[in-house]
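Everything numeric here is computed off the predicted structure, so don't read it as measured data.
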Amino acid sequence: MSKNLKIGLFGFGVVGQGLLDIIQSQNLNLEIIKIAIKDPRKKRSLNKDLFTTDRNEILNNTEINTIVELINDADAAYEIVTNALKNGKNVVSANKKMIATHLKELVDLQQEYGTSLLYEGAVCGSIPIIRNLEEYYDNELFHALSGIFNGSSNYILSKIFNEGQSYDSALKEAQDLGFAETDPILDVGGYDPKYKLAIATVHAYGLFVNPDAILNIGIQNLSDYDIKYAREKNFKIKLVPTARKVNTKDIVTYVLPKLVAKDDFLYNVENEYNAVAVQAAFADKQFFYGKGAGGHPTGAAVLSDIAALRYDYRYEYKKYHSENGVKHTEEILLEVYLRYADEYLITLLEFDNISERYAASSYKYVVGTVKLESLIKNRDLLLDESVFVAYTGRQIYKQEQLSENVFAEELASL
């Protein structure tokens, strides 16, 4: 039987209003009882009695059985969500930073208090990737997960490569359209996709990874030289988070700009759209595509979670509970394009080999293989405005090219 949900909503920004639009357009067995907001002076189209600035008015309301959390403040979201779970209220959240940072604790809280936390809208907007990882791939030998998880960065890169705009011009346009914040570093710096990758990795592999352990390098230092190099090689540049199994037990994760060739699924994913490419032993390669930002696309994902709670749905975290022994590793060589100014950086990174090199007074670059752990150790230097790094798409594991027999090894061990 479908439960009657009485909802307390935290946050009434773009996603909150988009969610309300969708709810009002359908006949659903749910009701929004109260909405918590920060600014009571802001003009709103709804009855003012529906709003409150006191979070406890929602959290302590025994009539409310479901909390929907859609605020930007990760610390405040953590307090709201943990309080709700401990008090027997199910929760839907779209706060990817809060979830990624505290996910192991939140999973334990659900187990302890018999409550459910759902967060499809926190990862890739309208793309139902978490539910698919949780249900469709729950018994799969899962190989790789990658894609475009951030619409703001993808919009900027699309304008650069498709319309010839400069980085600064494309960024300003994204800000004017509301795709990027006044301070866009969370998006263009790769932090947003890093949080999303950490969440997806739990469902893909049963592995909790602290977001701080995931290398993230963004596109904020992209220059005309880098754009020209990519065009000459018939590449586009995309900001791509990746989680990949390197053998039967080791998982590697990183967020890097990638030189994307025309035969790559991601080449034609443009503007604010997101995409997720997955690879598994039996299902092989599959591709999910949809809008990753905006009130209605994200609101649709949030509503899907709310609707699932009417039937007491919860994530089972089967791969985590199976104790499959997977672990996080940095033991991998990546082939990268690196623009730099100081030769000392090349020495510090200790390239395994360099296949291409160019040096002029205004522009220097190398293409070669480097250890992921070396990129992590020297991340601060890689963020200098004179430096840009992009992954070429070629990965080498433990000093040797990955064989195609990873799945065969797994199957043989079953």
Side-chain angles (χ1 to χ4, degrees), residues 1-13 15-42 44-96 98-99 101-122 130-131 298-317:
M1 293 291 291
S2 171
K3 292 172 60 176
N4 183 17
L5 300 187
K6 303 288 188 177
I7 296 172
L9 173 61
F10 285 85
F12 199 59
V15 177
Q17 293 184 59
L19 172 63
L20 182 66
D21 289 344
I22 300 170
I23 289 174
Q24 290 179 333
S25 70
Q26 302 184 55
N27 183 22
L28 300 170
N29 192 20
L30 56 88
E31 178 184 0
I32 295 179
I33 303 298
K34 210 76 176 176
I35 303 173
I37 55 172
K38 286 196 338 183
D39 185 0
R41 298 166 298 178
K42 186 176 180 180
R44 306 177 194 276
S45 59
L46 302 176
N47 188 319
K48 66 178 183 180
D49 292 337
L50 189 60
F51 297 97
T52 180
T53 57
D54 181 4
R55 70 173 66 171
N56 291 322
E57 191 173 340
I58 292 178
L59 292 173
N60 296 334
N61 188 329
T62 56
E63 181 186 9
I64 293 173
N65 55 26
T66 305
I67 298 297
V68 178
E69 179 280 305
L70 302 175
I71 65 176
N72 292 324
D73 187 329
D75 292 333
Y78 170 74
E79 293 179 11
I80 291 165
V81 170
T82 54
N83 182 299
L85 292 174
K86 289 176 182 178
N87 285 283
K89 299 182 191 294
N90 293 326
V91 181
V92 173
S93 174
N95 195 306
K96 73 281 296 184
M98 182 275 293
I99 295 166
T101 304
H102 300 285
L103 188 48
K104 178 61 170 65
E105 177 189 352
L106 294 170
V107 170
D108 291 342
L109 281 176
Q110 294 174 73
Q111 180 74 23
E112 181 179 357
Y113 291 94
T115 45
S116 176
L117 168 64
L118 305 181
Y119 39 78
E120 191 72 68
I130 298 300
R131 198 81 62 85
T298 306
V302 172
L303 181 59
S304 175
D305 282 343
I306 295 171
L309 288 177
R310 294 183 302 166
Y311 302 94
D312 294 318
Y313 178 79
R314 64 181 60 191
Y315 301 137
E316 295 183 62
Y317 303 99

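- Taking the ring axis of Phe51 as reference, the NZ or CZ atom of Arg44 stays within 45° of it and closer than 6.0 Å to the ring centre.
- When side chains are defined from C-beta on, Leu303 counts as touching Gln26, because their heavy atoms get closer than 4.5 Å.
- Checking side-chain atoms of Tyr315 against main-chain N and O of Val107 turns up no donor-acceptor pair under 3.5 Å.
- A distance of 12.0 Å separates OG of Ser304 from CD1 of Ile130, quoted to the nearest 0.5 Å.
- Here the closest heavy-atom approach between residue Gln110 and residue Leu117 is recorded as OE1-N, 2.9 Å.
- Closest heavy-atom contact between Met98 and Ala74: CG-O, 3.4 Å.
- For the atom pair CG of Leu59 and NZ of Lys86, the computed distance is 12.0 Å after rounding to the nearest 0.5 Å.
- The distance from the CG atom of Asn4 to the CD atom of Glu31 is 7.5 Å, given to the nearest 0.5 Å.
- Closest approach of Ile64 and Gly8 over heavy atoms only: CG2-N, 3.5 Å.
- Open room surrounds CD on Gln111; 12 or fewer heavy atoms of other groups in view lie less than 6.0 Å from it.
- In this structure, CD1 on Ile67 lies 11.5 Å from CG on Leu5, to the nearest 0.5 angstrom.
- Counting heavy atoms from C-beta on, the side chains of Tyr78 and Thr101 never come closer than 4.5 Å.
- Nearest approach of Leu20 to Ile32, heavy atoms of both residues: CD1-CD1, 3.9 Å.
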Residues Ile37, Phe12; criterion side-chain contact (heavy atoms from CB on, under 4.5 Å); working and verdict: CA-CA 7 Å; Ile37 55 172; Phe12 199 59; 4.1 Å; yes
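- Considering only heavy atoms from C-beta on, Tyr317 comes within 4.5 Å of Leu103 through its side chain.
- Rounded to the nearest 0.5 angstrom, Leu30 CG and Ile7 CD1 are separated by 4.5 Å.
- Taking the side chain as every heavy atom from C-beta outward, Arg131 and Asp305 approach each other to under 4.5 Å.
- Ala36 approaches Phe10 most closely through the heavy-atom pair CB-CD2, 3.5 Å.
- Although no hydrogens or angles enter the test, the distance criterion places no donor-acceptor pair under 3.5 Å between the side chain of Lys3 and the main chain of Asp312.
- Contact of the Leu9 side chain with the Leu70 side chain is registered, since non-hydrogen atoms from C-beta on lie closer than 4.5 Å.
- For residues 60-71, the pairs satisfying side-chain hydrogen bond (donor to acceptor under 3.5 Å, both in side chains) are Glu69-Ser93, with sequence neighbours left out.
- The two residues Leu309 and Ser116 come nearest to each other via the heavy atoms CD2-OG, 3.6 Å.
- Residue pairs that meet the ring-ring contact (aromatic ring centres under 6.0 Å, His included) test with at least one member in residues 20-40, sequence neighbours left out, do not exist here.
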CA sep, side-chain torsions, deciding dist, call: Val81, Asn95, side-chain contact (heavy atoms from CB on, under 4.5 Å): CA-CA 10 Å; Val81 170; Asn95 195 306; over 6 Å; no
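- For the atom pair CG of Asp49 and NZ of Lys34, the computed distance is 6.0 Å after rounding to the nearest 0.5 Å.
- By the 4.5 Å heavy-atom criterion applied to side chains, Thr115 and Val91 are not counted as neighbours.
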Side chain to side chain donor-acceptor pair (under 3.5 Å) evaluation trace for Thr52 with Glu57: CA-CA 7 Å; Thr52 180; Glu57 191 173 340; 2.7 Å; yes
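- At distances below 3.5 Å, not a single donor-acceptor pair connects side-chain atoms of Asn83 with backbone N or O atoms of Glu79.
- Within the 4.5 Å cutoff, the side chain of Ile306 has heavy atoms near those of the Leu19 side chain.
- Contact annotation: the side chain of Lys38 never approaches that of Ile71 to less than 4.5 Å [non-hydrogen atoms, C-beta and beyond].
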